Amino acid sequence: MTNISKKSKIGKNTIIAKSSKILDNVIIGNNVTIEDFCVIGFTSLNNKSKKLIIEDGVKINSHSVIYLDSEIGKNTIIGHRVLIREKTKIGNNVQIGSYSDIEGYCTISSYAKLHSNVHIGQHSKVMDYAWLFPYVILTNDPIPPSEIRKGVLIEPFSIICTRTTILPGKKIGFGSFVGANSLVNKDLKAEMIGSGNPFKERGNIELIKIPGKNEKAYPWHSRFYKDYPKNIKEIYENFKKKFI
Amino acid sequence: MTNISKKSKIGKNTIIAKSSKILDNVIIGNNVTIEDFCVIGFTSLNNKSKKLIIEDGVKINSHSVIYLDSEIGKNTIIGHRVLIREKTKIGNNVQIGSYSDIEGYCTISSYAKLHSNVHIGQHSKVMDYAWLFPYVILTNDPIPPSEIRKGVLIEPFSIICTRTTILPGKKIGFGSFVGANSLVNKDLKAEMIGSGNPFKERGNIELIKIPGKNEKAYPWHSRFYKDYPKNIKEIYENFKKKFI
Amino acid sequence: MTNISKKSKIGKNTIIAKSSKILDNVIIGNNVTIEDFCVIGFTSLNNKSKKLIIEDGVKINSHSVIYLDSEIGKNTIIGHRVLIREKTKIGNNVQIGSYSDIEGYCTISSYAKLHSNVHIGQHSKVMDYAWLFPYVILTNDPIPPSEIRKGVLIEPFSIICTRTTILPGKKIGFGSFVGANSLVNKDLKAEMIGSGNPFKERGNIELIKIPGKNEKAYPWHSRFYKDYPKNIKEIYENFKKKFI
C-alpha cells in the first residue's frame, strides 16, 4: 500500500482507509480501524526516530492527526478531527471526542472519557474514569506567554461539566463534580461540588439528586455502567482509598 | 467514479469532488455540490441499511462528515469540517457554519442558521428562522454521565448570541434574544431578552435599539432580509400566533 | 502534478503534499511547506480572478483551507484544520493555531500569535506581537443578525487569555492583559489589566507578579523571547510611543 510507510508495522485484521497516511515509525496492533483522511505518525519536530504506538482494537475516526512519540492504549476510541501531539500517553478504553485537541506532554488514563471539543493543555493529567464534557479547557501557563507549564490534575471519577476552564496547576479531587461554565481558580476537594465564576465549593456530591426522585445522583457509578467493567463499584472504592 | 458507491444515487448537475467519498445508501438530488475531503454516508453503527438523503441544491463544503440515517433539505448550506451524526433532520435553506458539531437525534428546521462552531446535543430542536451564533452549546444531560437526554428547544425567530450554553430541557421562547456568554438554566418567555450567569430575564426585545438611533432593533425581521423569503414579516406574524 | 493548477505558481524548495489541492490563482513563494489534505485557493464567491499570495517560508499544516483573495506573510505558521477566508491579510512570522477560524476581511499583523481554536470575526484587527489564547472570540455584530460589522481592535503586545469574548467595536489597548473567560463590553486602556463579566479594569499590568517571586510579570517581553527578534524590548518601546 503506497499510503503506508515501509518503516511502520501493521497488525492483523487492521483496516486502514486508503486515503489515510501512515508515516514512518508507527506500530499499529491488531483489529485497529483507521478511517479516511487521517495522518498517523506526523511530526514537525526533530524526533523522527521516535515511535507512535497504537495498540490492539483502537478505532480512529476520519480526519484525525496523531503525532509521533505517543502511545494509545487498547480499545481506545478517537473521534473525528482529533489532534494528538507528541508525548501523549493514552490508556486503554479511553474515548476522545471529535474536535478534541490534545496538545501533548500529557497523560489520559484508562476509561477516561473526553466528549467533543475538549482542549488538553500540555502537562495535564486526566486520571482513570474521569469525564470531561464539551469545550472543557485545561490550561497550563500562569503568566502567558511564558515557558512555565503547570498542568492541571483531574483525579479519578471526577466530572467536569461543559465549557469549564481550569486554570494552571489546579487539582480536581477524586469523584468530584464541577458545574458547567466554571472558571476553576482553586483546588476542589474529593467528592465535592464546585461551580461558578468566582469558583466556589458547594457541598458534597451527594446533594445532587436524580431529577424527579429523592435519590442521590453521585457517585455516578451507582447508576451509569455503559462500557465500563462490571466491578466498577469496587474499582471506585479501591481508588477512593488511595485518594481520600 | 471509484469514490462513489454503486449503492448510492446521484442526481443531475451534481458535482462531487473526486477526493470525497460517497458511501453506501446515500441519495443525492440535483444541483448538489460536495467539496473536497468529505465523507458522506458514514456510520459506525449497525444501521447500514438506513439511508442518507441530501435534497436538491445542497452545498457541502470541504472536510465535512455526514452520517447515514439523516436528511438534509433543499438548498441547505453546510460549512467546512461540519460533523452531522445519525437521525438528524435538517430542513430547507438552513445554514450550518464551519466546525459545527451536530450530534444527531435532532431537528433543525427551515431557514434556521447556525454560525460556526455550534454544538447541538442530541434531542435538541432548533426551529425555523432561529439563529445560533458561534460556540453556542445545547446540552442534554442533567446529571452527567447518564442515559437521560432532555433536549433544548429553540422556538422560531430566536437569537442565541455567541458562546451561550443552554442547560438540558430548557426552552427559548419565540422571537426572544439571549445575550452573549449566558448560562441558561431556566426557560425564557417569547419576545423577551435574557442574559448572564446567573441567567435573568431583562425585559421585552423592543428595549434593544439600533446603535445610534432611537429605533427598535427587534424583532429583527423588520431590518434584516438577506436570503429570506420576501414575506418574512407575514411568516413571523403567523408563527407568533401559534407560539404566543 | 495533477493536484496543482496550471494557473498557479510555485516557488523553489517548496513541498506540497500530493493529497493537497492548489487551485487557480495561487502564488506560492520559496521554501513553503503544505502538509496533507489542504485546499489552497478555495472560493465560493464570484472572485475567481483574485489571487492568494503565500510568501516564502510559510508552513501550513494538514487539513487547512485558505480562500482566494488573501495574503500570508513570510515564515508564518498555520496549524492543522485552520480556515482562512477571503480578504485576510496576515503579516510575517505570525502563528495561527490549529482549529482557528479566520472569517476574512481582517488583518493579523507580524509576530501576532493565535493559539488554537481562536475565532476572528470579520473586520477585526490584531496588531503586531499580540497574543490570543485558546477559544478567544472576536465578534463584530452589535445587533445580530444585521449587516453591521464593527470589528475589534487588539493593539500591539496585548495578551487576551483563554476563552475571552470581545464584543463588537471594542479596543484592547497597547500591552494590556485580559484575564481568562472575560466578556469585554468596553475598551481597555493601554498597559492595564481587565477581566471578568461584568468586565472591569483591575489596575496596571505591573501588578501581576511572576509566581513565587516579587518580580513583575508584565510587560512580558522582559522575560519571554521565544522566536522573537532580539531587539524586542526596543520594538516594544517604539510601539509604546505611538500608542500611549
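Quantities reported herein were computed from a predicted structural model and do not represent experimental measurements. To find a chain, count down the sequence lines: A is the first, B the second, and so on, and within it residues start at 1.
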Review point. For C:Tyr225, is it the side chain, the backbone, both or neither that has a heavy atom under 4.5 Å from a heavy atom of chain A?
Key: neither
Exercise for review: Report the C-alpha distance between A:His119 and C:Thr162 in whole Å, list the side-chain angles of each, state the deciding distance to 0.1 Å, and finish with yes or no for side-chain contact (heavy atoms from CB on, under 4.5 Å).
Suggested key: CA-CA 11 Å; A:His119 179 96; C:Thr162 194; over 6 Å; no
Point to revise | Heavy-atom neighbours of A:Lys48 NZ exceed 12 at 6.0 Å | key: no
Exercise for review: May I ask you to test the C:Phe133-A:Pro144 pair for a side-chain heavy-atom distance under 4.5 Å?
Suggested key: yes
Check your understanding: Quick check, are the ring centers of A:Tyr67 and C:His80 under 6.0 angstrom apart?
Key -> yes
**Study point:** Other residues, nucleotides, ligands: >12 heavy atoms within 6.0 Å of C:Asn231 CG
**Key:** yes
Exercise for review: For atom NZ of A:Lys59, decide whether the heavy atoms of other residues, nucleotides or ligands shown that lie under 6.0 angstrom number more than 12.
Suggested key: yes
Review point. Looking at side-chain heavy atoms only, is the closest gap between A:Ile143 and C:Trp220 below 4.5 Å?
Key: no
Exercise for review: Kindly compute the distance separating CG (C:Asp36) from OG (A:Ser20), expressed to the nearest 0.5 Å.
Suggested key: 9.5 Å
Review point. Is A:Arg85 close to C:Ser98 at the side-chain level, that is, under 4.5 Å between some pair of heavy atoms?
Key: yes
Exercise for review: Flag the one option from A:Pro145, A:Pro142, A:Gly121 with the top tally of heavy-atom pairs under 4.5 Å to chain C.
Suggested key: A:Pro145
Practice item. From the options A:Leu183, A:Asn185, A:Ile137, select the one residue that forms a side-chain contact (heavy atoms from CB on, under 4.5 Å) with C:Asn181. Key: A:Leu183
**Study point:** Side-chain donor-acceptor pair present, C:Tyr135, A:Asn117, cut-off under 3.5 Å
**Key:** yes
Review point. Can you say whether C:Asn197 sits under 4.5 Å from chain A via the side chain, the backbone, both, or neither, judging by heavy atoms?
Key: neither
Exercise for review: Among C:Ser62, C:Pro134, C:Ser19, single out the residue with the greatest number of heavy-atom pairs under 4.5 Å to chain A.
Suggested key: C:Pro134
Check your understanding: Can you find a pair of side-chain heavy atoms, one from C:Glu35 and one from A:Lys21, that are under 4.5 Å apart?
Key -> no
Check your understanding: Can you name the ring-ring contact (aromatic ring centres under 6.0 Å, His included) partners of C:Phe199, sequence neighbours left out?
Key -> none
**Study point:** Contact origin within C:Lys113 toward chain A - heavy atom pairs under 4.5 Å
**Key:** neither
Point to revise | Expected output: side-chain C:Tyr99 to main-chain A:Ser100 donor-acceptor under 3.5 Å | key: yes
Review point. Taking only heavy atoms into account, what residues of residues 163-171 of chain A are found under 4.5 Å from chain C?
Key: A:Arg163, A:Thr164, A:Thr165, A:Leu167
Check your understanding: Given that the side chain runs from C-beta out, which part of A:Ser146 has a heavy atom under 4.5 Å from chain C: side chain, backbone, both or neither?
Key -> both
Practice item. Would you confirm whether C:His63, through its side chain, and A:Phe37, through its main-chain N or O, come within 3.5 Å as a donor-acceptor pair? Key: yes
